[in-house]
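One structure is given below, encoded as structure tokens.
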Amino acid sequence: MGRQQGWFALILALTIASGALLASYGLQLGLDLRGGSQLTLQVMPAGAITRVDAEQLEAVKDVLERRINGLGVAESTLQAVGSDQLVLQLPGEQDPSQAARVLGSTALLEFRAQKPGTEEEMQGLLALKRQAESVLRAKRPSAADAADGPQAPPPPVLSTKDLAKALAALGVQVPPGSSEVDQIELLLQEANRRILSLYGPPLITGKDLTSAGRQQQATGSGWEVTLGFNREGGEKFAALTQSIAGTGRVLGIILDGRSISEASVGEQFKVAGITGGAASITGNFSADEARDLEVQLRGGSLPLPVKIVEVRTVGPSLGAENIRSSLVAGLSGLALVAVFMVVLYRLPGVVAVVALSLYALFNLAIYALIPVTLTLPGIAGFILSIGIAVDANVLIFERVKEELRRGNTLIRSIDTGFSLAFSSIFDGHVTGMISCAALFFLGTGLVKGFAVTLAIGLLLSLFTALTCTRTLLRLLMSYPALRRPTYFLTARQLPGAKAADTNPGLA
């Protein structure tokens, strides 16, 4: 009796702990239940690589995961699909444009020194570039610009005559019907291309970085991105800045083939260059632009280019409808199972319903603790595991009924029923776990979620069937009023009833 009380105390403690876990953490809902966005990314071969293999796909996935963590997107999942695709799910995110922009960029960072003899041409191109950028910024202010506070008055807008003159000087062909903004963008693209041609080969790359951060500039409302180099990168940076210090040439910071910052190096660094292994990128960035650049640099450059082939958004109303449908299906199934068990097995059926309720509570608590991202296939695995848990109770109770029909006492029939059913229950759960392992290691995406929830359910089913059901049943048998065979079998199924039917005179 003391042993049964100990098991009952353990079950009671687990019940209270499970309720507290669910109240504290709640369930983590997937994209199909919560709503959000899903991006399908295609990894593209490049250079000498003509075919994407598993190792290269994993390398791209590692970089993207670091970028996602840098974005601070909670509960996101990134999974490989096939041999060259990745699927990113962002639950709760209805506007995936920022994530798409950050994830799709290669983020190849290079530091280049300006070629000697190009000082005059570089000055003219930089002046033109900054004027074009200022005009575009004034004509198309972004939400991020508004968030940064009051902006400085925009410079004079390029007149039609000056714009046409600049385009002609750079040899830019303007398509008929192009708007003023389109023409300025064409001018900016050509200026960037020419600026890039005035730099030497890359001497430092993003591989030499150890850290990246962002901070607001001491003067003005703009932001800058701070960089930290490894030892070798710090030495290269010192040598690079020493080579152009006081010459009037600039240090170009190139990201994905585009010059994002041009810095001059003062004559005071002519002796040793800029030492300390740190630098900053200033480019009149907004807070969001500086954050995106920081995330890209900290995550690293992509080994292969990535193309976003599909963006799918699931509205929160559809997610709420999925939850309602799942709850109706789950509760309806539990109610039908409860009625079936009580009608067929009487008192043990009531015990089975209580044990199944505990099983469901423990299951959901583990989902919240791990945590498991609950999706529609995951709910299907959960409901299926409830059916398997019922099956274990059915095996036990049928063995108990067989022992009662043979004339054994009630307590002995219960103990023997559990002992005889154990091997069948254990074998069934082992084969189920093998199936879960196959689904998890060979399947992808939502199939893995189904396998995880089903495996957790199988393990808990084994515990509740052999521990909770047995403990509760033995506890009820400690009350004499409940210790009646007719609470397990109908009167006609008892051994005495069969004898009475055979010999009516003995009745």
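Every heavy atom of this structure was used, including side-chain atoms; hydrogens, water molecules and symmetry mates were not. If you're wondering where the values come from, they're calculated on a predicted model, not measured in any experiment.
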TODO: Could you check Y199 against V250 for side-chain contact (heavy atoms from CB on, under 4.5 Å), going step by step and ending with a plain yes or no?
DONE: CA-CA 9 Å; Y199 290 120; V250 297; 4.0 Å; yes

Any [X] side-chain heavy atom under 4.5 Å of [Y] side chain:
{"X": "L196", "Y": "R112", "answer": "yes"}
{"X": "Q56", "Y": "V43", "answer": "no"}
{"X": "V306", "Y": "L86", "answer": "no"}
{"X": "T226", "Y": "Q215", "answer": "yes"}
{"X": "L186", "Y": "P175", "answer": "yes"}
{"X": "M433", "Y": "L459", "answer": "yes"}
{"X": "L458", "Y": "C436", "answer": "yes"}
{"X": "E119", "Y": "Q114", "answer": "yes"}

Donor-acceptor pairs are to be reported for all side-chain atoms of residues 376-384 against protein atoms at under 3.5 Å, with residues two or more places apart or in another chain.
none

How many angstroms lie between [atom1] in [X] and [atom2] in [Y], if you round to the nearest 0.5 Å?
{"X": "L21", "Y": "L27", "atom1": "CG", "atom2": "CG", "result": "11.0 Å"}
{"X": "K115", "Y": "I244", "atom1": "NZ", "atom2": "CD1", "result": "15.0 Å"}
{"X": "I195", "Y": "L128", "atom1": "CD1", "atom2": "CG", "result": "8.0 Å"}
{"X": "D84", "Y": "L41", "atom1": "CG", "atom2": "CG", "result": "11.5 Å"}
{"X": "F440", "Y": "L454", "atom1": "CZ", "atom2": "CG", "result": "13.0 Å"}
{"X": "D208", "Y": "F237", "atom1": "CG", "atom2": "CZ", "result": "11.5 Å"}

Minimum heavy-atom separation for [X] and [Y], please, with both atom names.
{"X": "V328", "Y": "S332", "result": "O-OG, 2.6 Å"}
{"X": "S83", "Y": "L57", "result": "O-CD2, 3.7 Å"}
{"X": "G233", "Y": "I204", "result": "O-CD1, 4.2 Å"}

Open item on the list: Apply side-chain contact (heavy atoms from CB on, under 4.5 Å) to residues I253 and F111 and explain how you reach the verdict.
Closed with: CA-CA 5 Å; I253 302 173; F111 289 79; 3.7 Å; yes

Task: Verdict with reasoning, Q38 to V311, per side-chain contact (heavy atoms from CB on, under 4.5 Å) - done: CA-CA 6 Å; Q38 176 175 295; V311 177; over 6 Å; no

Donor-acceptor pair, side chain of [X] and main chain of [Y], under 3.5 angstrom:
{"X": "E267", "Y": "A245", "result": "no"}
{"X": "T467", "Y": "T464", "result": "no"}
{"X": "S179", "Y": "D182", "result": "yes"}

- [ ] Report the C-alpha distance between V265 and L240 in whole Å, list the side-chain angles of each, state the deciding distance to 0.1 Å, and finish with yes or no for side-chain contact (heavy atoms from CB on, under 4.5 Å).
- [x] CA-CA 10 Å; V265 181; L240 176 59; over 6 Å; no

With a 3.5 Å cut-off and sequence neighbours excluded, list the donor-acceptor pairs that the side chains of residues 357-372 form with protein atoms.
unit_1	atom_1	unit_2	atom_2	d
S357	OG	V353	O	2.9
Y359	OH	N363	ND2	3.1
Y359	OH	S385	OG	2.4
Y359	OH	G457	O	3.4
N363	OD1	Y367	OH	3.3

Task: Residues, nucleotides or ligands: over 12 heavy atoms within 6.0 Å of Q268 CD - done: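 Atom CD in Q268 is packed in, count exceeds 12.
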
Task: Side-chain ion pair, E262 and R130, N-O less than 4.0 Å - done: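 Yes, E262 and R130 are salt-bridged.
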
